[in-house]
Amino acid sequence: MPLVRIDMLKGKTPEQRRIIADVIYDAMISTLNVPQNDRFQIISEHQSSELLIDPTYLGIQRSPDAIIIQITLNEGRSVDLKRAFYKAVADGLRDRAHMRTEDVFISLVEVKKENWSFGNGLAQYAT
(Lines give C-alpha, C1' and ligand atoms only; values in the text may rest on other atoms or scores of the structure.)
Protein backbone atom coordinates (compact mmCIF):
# COMPACT_ATOMS: atom_id res chain seq x y z
CA MET A 1 0.00 0.00 0.00
CA PRO A 2 2.74 2.59 0.60
CA LEU A 3 4.08 4.43 -2.40
CA VAL A 4 7.56 5.74 -1.63
CA ARG A 5 9.22 8.57 -3.51
CA ILE A 6 12.89 9.20 -2.78
CA ASP A 7 14.45 12.38 -4.15
CA MET A 8 18.19 13.01 -4.02
CA LEU A 9 20.99 14.76 -5.84
CA LYS A 10 22.59 12.97 -8.78
CA GLY A 11 25.75 11.08 -8.04
CA LYS A 12 24.80 8.11 -5.87
CA THR A 13 25.81 4.68 -7.14
CA PRO A 14 23.16 2.05 -7.92
CA GLU A 15 24.27 0.22 -4.77
CA GLN A 16 23.84 3.36 -2.63
CA ARG A 17 20.38 3.96 -4.07
CA ARG A 18 19.41 0.34 -3.38
CA ILE A 19 20.63 0.54 0.23
CA ILE A 20 18.58 3.71 0.80
CA ALA A 21 15.49 2.05 -0.68
CA ASP A 22 16.08 -1.13 1.37
CA VAL A 23 16.42 0.81 4.63
CA ILE A 24 13.10 2.56 4.03
CA TYR A 25 11.35 -0.69 3.07
CA ASP A 26 12.76 -2.54 6.10
CA ALA A 27 11.64 0.28 8.42
CA MET A 28 8.12 0.22 6.96
CA ILE A 29 7.88 -3.51 7.68
CA SER A 30 9.35 -3.31 11.18
CA THR A 31 7.54 -0.21 12.44
CA LEU A 32 4.49 0.52 10.27
CA ASN A 33 3.30 -3.08 9.88
CA VAL A 34 3.59 -3.04 6.10
CA PRO A 35 3.36 -6.58 4.70
CA GLN A 36 6.22 -8.31 2.88
CA ASN A 37 6.27 -7.78 -0.90
CA ASP A 38 4.29 -4.53 -0.61
CA ARG A 39 7.11 -2.57 -2.18
CA PHE A 40 6.49 0.32 -4.55
CA GLN A 41 9.37 2.81 -4.63
CA ILE A 42 10.42 5.55 -7.05
CA ILE A 43 13.95 6.93 -6.84
CA SER A 44 14.57 10.24 -8.61
CA GLU A 45 17.89 11.99 -8.94
CA HIS A 46 18.12 15.72 -9.53
CA GLN A 47 20.61 18.43 -10.39
CA SER A 48 21.36 20.78 -7.48
CA SER A 49 19.21 23.47 -9.12
CA GLU A 50 16.21 21.10 -9.10
CA LEU A 51 16.26 19.96 -5.46
CA LEU A 52 15.97 22.87 -3.06
CA ILE A 53 16.22 21.88 0.61
CA ASP A 54 16.68 24.58 3.21
CA PRO A 55 20.01 23.94 4.96
CA THR A 56 18.97 25.27 8.39
CA TYR A 57 15.17 25.08 8.80
CA LEU A 58 14.19 24.38 12.46
CA GLY A 59 17.86 24.65 13.44
CA ILE A 60 18.81 21.41 11.69
CA GLN A 61 22.08 21.70 9.78
CA ARG A 62 21.53 19.87 6.47
CA SER A 63 24.28 19.12 3.98
CA PRO A 64 23.95 19.14 0.19
CA ASP A 65 23.44 15.34 0.44
CA ALA A 66 20.04 15.74 2.13
CA ILE A 67 17.26 13.59 0.68
CA ILE A 68 13.47 13.88 0.67
CA ILE A 69 11.38 10.78 1.33
CA GLN A 70 7.65 11.10 0.69
CA ILE A 71 5.40 8.16 1.47
CA THR A 72 1.74 7.90 0.57
CA LEU A 73 0.06 5.30 2.80
CA ASN A 74 -3.23 4.33 4.38
CA GLU A 75 -4.35 6.58 7.20
CA GLY A 76 -4.67 5.46 10.79
CA ARG A 77 -1.23 4.88 12.28
CA SER A 78 -0.47 6.37 15.68
CA VAL A 79 1.97 9.20 16.28
CA ASP A 80 4.16 6.76 18.23
CA LEU A 81 4.40 4.40 15.24
CA LYS A 82 5.27 7.32 12.98
CA ARG A 83 7.98 8.49 15.38
CA ALA A 84 9.41 4.96 15.52
CA PHE A 85 9.42 4.88 11.71
CA TYR A 86 11.21 8.24 11.39
CA LYS A 87 13.88 7.07 13.83
CA ALA A 88 14.28 3.67 12.17
CA VAL A 89 14.80 5.29 8.76
CA ALA A 90 17.24 7.94 10.01
CA ASP A 91 19.22 5.44 12.10
CA GLY A 92 19.20 2.85 9.32
CA LEU A 93 20.44 5.35 6.76
CA ARG A 94 23.16 6.44 9.17
CA ASP A 95 24.25 2.85 9.86
CA ARG A 96 23.83 1.26 6.43
CA ALA A 97 24.20 4.15 3.95
CA HIS A 98 26.59 6.31 6.03
CA MET A 99 24.27 9.29 5.81
CA ARG A 100 23.84 12.02 8.38
CA THR A 101 20.52 11.78 10.25
CA GLU A 102 20.15 15.54 9.77
CA ASP A 103 19.96 14.90 6.01
CA VAL A 104 16.84 12.71 6.18
CA PHE A 105 13.58 14.59 5.48
CA ILE A 106 10.43 12.43 5.64
CA SER A 107 6.86 13.37 4.74
CA LEU A 108 3.94 10.98 5.24
CA VAL A 109 0.80 11.54 3.15
CA GLU A 110 -2.14 9.58 4.55
CA VAL A 111 -5.07 8.56 2.35
CA LYS A 112 -8.20 6.46 2.71
CA LYS A 113 -7.96 2.82 1.59
CA GLU A 114 -10.32 3.29 -1.35
CA ASN A 115 -7.81 5.66 -2.98
CA TRP A 116 -5.67 2.77 -4.30
CA SER A 117 -5.86 0.59 -7.39
CA PHE A 118 -3.10 -2.01 -7.73
CA GLY A 119 -4.19 -3.11 -11.19
CA ASN A 120 -7.08 -4.45 -13.25
CA GLY A 121 -9.04 -1.22 -12.76
CA LEU A 122 -10.15 -2.35 -9.28
CA ALA A 123 -10.11 -0.66 -5.89
CA GLN A 124 -8.76 -3.70 -4.04
CA TYR A 125 -9.01 -2.15 -0.57
CA ALA A 126 -12.42 -0.47 -0.99
CA THR A 127 -15.15 -1.84 1.25
Side-chain angles (χ1 to χ4, degrees):
M1 70 189 148
L3 173 61
V4 179
R5 295 182 176 275
I6 306 163
D7 291 279
M8 63 185 72
L9 288 179
K10 284 189 177 191
K12 300 264 191 242
T13 67
E15 180 182 3
Q16 290 170 316
R17 290 191 301 271
R18 183 60 186 225
I19 290 169
I20 291 167
D22 287 349
V23 165
I24 297 165
Y25 177 65
D26 293 346
M28 288 190 312
I29 290 171
S30 67
T31 62
L32 296 179
N33 304 313
V34 170
Q36 291 282 340
N37 301 319
D38 190 353
R39 187 171 188 167
F40 300 90
Q41 296 177 310
I42 302 164
I43 300 171
S44 299
E45 292 187 300
H46 305 275
Q47 299 292 338
S48 61
S49 63
E50 300 169 336
L51 188 63
L52 306 175
I53 300 173
D54 190 282
T56 61
Y57 184 68
L58 294 178
I60 300 167
Q61 302 298 312
R62 293 171 198 83
S63 80
D65 286 329
I67 65 171
I68 295 175
I69 302 163
Q70 183 181 49
I71 303 173
T72 304
L73 71 167
N74 288 340
E75 64 185 358
R77 289 173 176 84
S78 71
V79 172
D80 287 340
L81 280 180
K82 293 174 189 177
R83 285 183 176 138
F85 172 71
Y86 301 146
K87 182 165 177 35
V89 171
D91 290 350
L93 290 175
R94 179 196 61 219
D95 296 343
R96 293 171 55 192
H98 310 291
M99 293 181 63
R100 300 169 67 245
T101 59
E102 298 90 342
D103 289 339
V104 180
F105 178 100
I106 303 170
S107 171
L108 300 181
V109 180
E110 294 184 298
V111 300
K112 295 188 180 304
K113 286 186 173 187
E114 65 266 17
N115 290 320
W116 299 96
S117 174
F118 292 91
N120 297 323
L122 300 173
Q124 286 85 355
Y125 289 152
T127 55

Taking the side chain from [X] and the backbone from [Y], do they hold a donor-acceptor pair closer than 3.5 Å?
X	Y	value
Ser117	Leu122	yes
Asp103	Asp65	no
Arg77	Glu110	no
Arg100	Gln61	yes
Arg96	Ile19	no
Tyr25	Asn37	yes
Gln124	Gly119	yes

Hphob cluster co-occupancy, [X] + [Y], side-chain heavy atoms under 4.5 angstrom:
X	Y	answer
Val34	Trp116	yes
Leu93	Leu108	yes
Ile43	Val4	yes
Ile29	Leu32	yes
Leu51	Ile67	no

Side-chain heavy-atom pair [X], [Y] within 4.5 angstrom cut-off:
X	Y	answer
Glu45	Met8	yes
Lys12	Arg17	yes
Met28	Arg39	no

Worksheet item: Does Glu114 come within less than 4.0 Å of Lys112, counting only side-chain N to carboxylate O?
Response: no
Could you give the distance from [atom1] ([X]) to [atom2] ([Y]), rounded to the nearest 0.5 Å?
X	Y	atom1	atom2	result
Ile68	Ile6	CD1	CD1	12.0 Å
Ile60	Ile53	CD1	CD1	12.0 Å
Lys113	Asn74	NZ	CG	5.5 Å

Minimum heavy-atom separation for [X] and [Y], please, with both atom names.
X	Y	answer
Val89	Ala27	CG2-CB, 3.6 Å
Leu73	Ile71	CD2-O, 3.5 Å
Pro64	Leu9	O-CD1, 2.9 Å

Worksheet item: So Phe85 and Lys82, side-chain contact (heavy atoms from CB on, under 4.5 Å) or not? Walk me through it.
Response: CA-CA 5 Å; Phe85 172 71; Lys82 293 174 189 177; 5.5 Å; no
Item to complete: List the steps and the verdict of side-chain contact (heavy atoms from CB on, under 4.5 Å) for Asp91 and Val23.
Response: CA-CA 9 Å; Asp91 290 350; Val23 165; over 6 Å; no
Item to complete: Please work out whether the ring planes of Phe40 and Phe118 are parallel, tilted or perpendicular, with thresholds of 30° and 60°.
Response: tilted
